[in-house]
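Inspection log for the structure reproduced underneath, given as structure tokens.
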Amino acid sequence: MNVQGLNAILLAIPYTFLVTAGAFALGFILAIPLVFARRTKITPIRVTAQFVIDLARGIPPIVWLLFIFFGLPAMHVLLDPLTAAIIGLGIVSSAYLAEIFRGGLLAVHRGQFEASAALGLGGWTTFTRIISPQALQSMLPGLTTYFIGLLKDSSIASVIGVTEMVYAATSYARISPDGIYMFFVAAAVYIAISVPLGLAARGMENRMNRAAA
């Protein structure tokens with residue numbers, strides 16, 4: 001195994017994190033209006049939000065990335081590979097995160113809403129002080145699982161030239177007879193990153209459960 005190839009993968013880790021964190025943050029922001037639209041009683045808005053979610057989830061992430069990176073220039077919108085990857089994966093993330101948010105809100109007992117209304121609490125206070133903490137407890141496993149999945153999905157960004165870990169491994173594999181081993185190294189790095197994240201989230205979830213007990 002060549003040290004040069006190993007260094008290339010290690011140097012690509014920040015790009016992997018940048019794509020993952022950027023797409024997750026963008027998806028998080030876009031998911032908020034989507035989940036409220038899904039819960040509204042206004043049918044056209046609710047149906048439209050459902051259509052947007054189904055559309056974002058129904059199209060493979062790689063197609064989103066290829067469309068944004070290669071298709072938008074035809075409409076005179078030029079994006080660098082990193083930005084295109086974050087936007088593409090962010091669109092997909094928004095749909096999944098909206099459903100995770102909705103599931104978390106549905107897990108909050110209806111009586112909590114009624115009790116807040118009976119106490120005369122405003123909508124914002126009810127949401128931030130009463131509903132959100134309980135919903136977050138329900139959402140945390142789903143959010144963590146999705147983030148870890150997104151970390152692995154960020155490897156798709158290599159197809160449009162983002163120099164993340166798989167891109168580095170692929171580039172080295174093309175020029176070296178032992179380049180195949182770089183994919184095992186990349187896999188080991190993904191595991192080394194994902195496992196601590198999962199353990200940390202599980203510990204946080206346990207602490208929240210003990211605090212709520």
Side-chain angles (χ1 to χ4, degrees), residues 16-61 64 86-154 156 190-191 193-213:
T16 296
F17 270 114
L18 191 56
V19 171
T20 304
F24 190 85
L26 178 61
F28 195 98
I29 293 170
L30 296 177
I32 293 174
L34 275 178
V35 73
F36 282 112
R38 279 282 284 122
R39 288 174 59 84
T40 184
K41 295 179 181 178
I42 304 174
T43 302
I45 296 177
R46 188 173 66 252
V47 171
T48 301
Q50 181 63 62
F51 173 76
V52 171
I53 290 172
D54 290 341
L55 182 68
R57 291 195 304 181
I59 298 175
W64 278 110
I86 291 174
I87 292 175
L89 292 175
I91 290 172
V92 179
S93 298
S94 68
Y96 285 99
L97 291 176
E99 290 299 282
I100 292 173
F101 293 168
R102 192 171 70 89
L105 292 174
L106 288 174
V108 179
H109 194 278
R110 190 172 185 82
Q112 298 292 317
F113 293 90
E114 296 171 352
S116 300
L119 291 172
L121 299 178
W124 177 251
T125 302
T126 297
F127 183 76
T128 57
R129 299 292 183 84
I130 308 296
I131 305 303
S132 293
Q134 299 179 65
L136 179 61
Q137 189 173 353
S138 301
M139 290 188 292
L140 189 58
L143 290 174
T144 307
T145 301
Y146 185 74
F147 185 85
I148 294 173
L150 184 60
L151 179 74
K152 291 179 287 186
D153 287 346
S154 67
I156 296 172
Y190 277 115
I191 293 173
I193 296 172
S194 301
V195 171
L197 283 175
L199 293 175
R202 199 171 304 160
M204 188 184 303
E205 184 184 352
N206 290 335
R207 285 195 296 274
M208 293 177 70
N209 288 335
R210 285 196 297 270

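Just so you know, these numbers use all the heavy atoms, side chains as well, and skip hydrogens, waters and symmetry mates.
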Taking side-chain contact (heavy atoms from CB on, under 4.5 Å) as the definition, give me every residue that meets it alongside [X], ordered by chain and number, with sequence neighbours left out.
{"X": "I32", "value": "F28, F36, F101"}
{"X": "T125", "value": "L121, R129"}
{"X": "T20", "value": "T16, F147, L150, L151, S154"}
{"X": "T144", "value": "L140, I148, A201"}

Tell me the side-chain hydrogen bond (donor to acceptor under 3.5 Å, both in side chains) pairs involving [range], sequence neighbours left out?
{"range": "residues 21-42", "value": "R38-Q50"}
{"range": "residues 97-110", "value": "E99-R102"}
{"range": "residues 22-37", "value": "none"}

Original post:
Sequence neighbours excluded, which residues qualify as ring-ring contact (aromatic ring centres under 6.0 Å, His included) partners of Y190?
Top reply: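 In terms of ring-ring contact (aromatic ring centres under 6.0 Å, His included), with neighbours along the sequence ignored, Y190 is linked to no residue.
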Subject >> Selection residues 130-151 - residue pairs positive for salt bridge (Lys or Arg N to Asp or Glu O under 4.0 Å), sequence neighbours left out >> reply: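 The answer is none; no pair qualifies.
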**OP:** Give every residue pair that meets the salt bridge (Lys or Arg N to Asp or Glu O under 4.0 Å) criterion with at least one member in residues 48-60, sequence neighbours excluded.
**Re:**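 Salt bridge (Lys or Arg N to Asp or Glu O under 4.0 Å) check on residues 48-60 returns D54-R57.
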Subject >> Exceeds 12 heavy-atom contacts within 6.0 angstrom, atom CZ of R202 >> reply: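 It does not: R202 CZ has 12 such atoms or fewer within range.
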Subject >> Non-neighbouring partners of Y96 that pass side-chain hydrogen bond (donor to acceptor under 3.5 Å, both in side chains), sequence neighbours left out >> reply: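 Listed in chain order: nothing, the list is empty.
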